[in-house]
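Below is one structure, written out as structure tokens; the observations come after it.
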Number of protein chains: 2
Amino acid sequence: MDKKVAEHVAEVLKTLAHPARLEIIELLETKEMCVGDIVTALGVKQAITSQQLNMMKDKGVLSCRRNGTKVYYRIENKSVIRLLHCIYDHCKTKKP
Amino acid sequence: MDKKVAEHVAEVLKTLAHPARLEIIELLETKEMCVGDIVTALGVKQAITSQQLNMMKDKGVLSCRRNGTKVYYRIENKSVIRLLHCIYDHCKTKKP
DNA sequence: TCGAATTATCACTATATAATAATATAACAC
DNA sequence: GTGTTATATTATTATATAGTGATAATTCGA
């Protein structure tokens with residue numbers, strides 16, 4: 001693994017390495033959701049949620065569409081779902 | 001995924017989310033290595049390497065043994081290897 | 001016990017990330 | 001247009017992480 005690849009992989013991991021962002025991705029795994037519903041589901045403040053959503057959009061993980069006053073987010077990079085499942089498996093099988 | 005799980009997963013990801021740490025794990029995938037050899041292989045300063053190694057030991061990813069003046073590090077939590085392979089696959093298949 | 005080799009730690013600066021509160025913007029109904 | 005709902009942005013503070021240079025600690029052999 002050369003430096004460039006390592007930096008890229010580290011970037012991807014940093015994008016996911018936050019509790020709220022992990023929960024957002026899980027919420028969006030099977031459906032798109034508007035910001036307000038995500039805020040409610042997470043119990044996290046609106047500004048923070050908006051910042052995290054925007055951050056993940058910048059990184060290409062999410063995308064969004066506006067419908068009236070609401071903005072619906074969805075997973076743009078589907079392979080993060082598979083990646084997260086690997087990570088959950090890892091965390092389950094870590095101890096033994 | 002509840003908050004506790006999300007926080008734990010985020011912790012694991014943060015532990016891996018650094019280029020030098022990723023390279024160290026890759027180096028140690030098949031063998032243990034002493035600090036000096038890791039420093040040489042990475043081309044990263046000794047102090048930084050030592051700090052990263054210690055950090056990953058704290059998190060349970062690595063362990064070490066001393067032999068004379070040298071300290072040999074190895075992967076303690078083998079499942080991170082599988083996890084990293086998932087991540088590499090993800091990064092390869094991301095674009096399409 | 002002295003010195004060399006190896007690794008760890010410390011104090012510090014720099015930088016990045018997170019969280020907060022307040023405010024701004026966008027879309028729409030009226 | 002005005003008011004309302006929904007979302008985004010900004011400025012600020014707090015906190016965490018990274019990197020640096022110097023120094024300390026450990027081990028061993030002479």
Exercise. Sequence neighbours excluded, which residues qualify as side-chain hydrogen bond (donor to acceptor under 3.5 Å, both in side chains) partners of Ser63(B)?
Worked result: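 Partners of Ser63(B) by the side-chain hydrogen bond (donor to acceptor under 3.5 Å, both in side chains) criterion, ordered by chain and then number, come out as Arg74(B), Glu76(B).
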For this session: Sequence neighbours left out, what passes side-chain hydrogen bond (donor to acceptor under 3.5 Å, both in side chains) with Gln51(B)? Give chain and number order.
Result: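 Here no residue qualifies.
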Exercise. Quick one: does Glu26(A)'s side chain have a donor or acceptor within less than 3.5 Å of a partner on Met1(B)'s backbone?
Worked result: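 Present.
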Problem set entry | Side chain Asp2(B), main chain Val5(B), donor-acceptor under 3.5 Å |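 Looks like yes, one N/O pair under 3.5 Å.
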d([atom1], [X]; [atom2], [N]) in whole Å:
{"X": "Glu11(A)", "N": "dT17(C)", "atom1": "CD", "atom2": "C1'", "value": "12 Å"}
{"X": "Arg65(A)", "N": "dA27(C)", "atom1": "CZ", "atom2": "C1'", "value": "14 Å"}
{"X": "Lys14(A)", "N": "dT15(C)", "atom1": "NZ", "atom2": "C1'", "value": "10 Å"}

Exercise. Hey, quick one: are Tyr72(B) and Met55(B) part of the same hydrophobic cluster, counting side-chain heavy atoms closer than 4.5 Å, chains of contacts allowed?
Worked result: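 Per the 4.5 Å side-chain linkage, Tyr72(B) and Met55(B) are not co-clustered.
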Donor-acceptor list for residues 9-18 of chain A side chains, cut-off 3.5 Å, not counting sequence neighbours:
unit_1: Glu11(A); atom_1: OE1; unit_2: Lys59(A); atom_2: NZ; d: 2.7
unit_1: Thr15(A); atom_1: OG1; unit_2: Glu11(A); atom_2: O; d: 2.8
unit_1: His18(A); atom_1: ND1; unit_2: Ala20(A); atom_2: N; d: 3.1
unit_1: His18(A); atom_1: NE2; unit_2: Gln52(A); atom_2: NE2; d: 3.3

Problem set entry | Val71(B) to Cys64(B) - nearest heavy-atom pair and separation |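 Nearest heavy atoms, Val71(B) then Cys64(B): CG1-CB, 3.8 Å.
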Exercise. With the sugar-phosphate defined as primed atoms, P, OP1 and OP2, and the base as all remaining atoms, what B/S/- string results for nucleotides 4-10 of chain C, 5' to 3', for protein heavy atoms under 4.0 Å?
Worked result: -BSBBBB
For this session: Please state whether the phosphate of dA21(C), meaning OP1 or OP2, lies under 4.0 angstrom from any side-chain nitrogen or oxygen of Lys45(A).
Result: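 Answer is yes, contact under 4.0 Å.
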Exercise. With sequence neighbours left out, which residue pairs that include part of residues 30-49 of chain B fulfil the salt bridge (Lys or Arg N to Asp or Glu O under 4.0 Å) condition?
Worked result: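 Every salt bridge (Lys or Arg N to Asp or Glu O under 4.0 Å) pair that includes a residue of residues 30-49 of chain B, provided the two are not neighbours, is Glu32(B)-Arg65(B).
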Exercise. Between which nucleotides of DNA chain D, 5' to 3', does chain A make heavy-atom contacts below 4.0 Å?
Worked result: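 Nucleotide range with atoms under 4.0 Å of chain A: dT5(D) to dT10(D).
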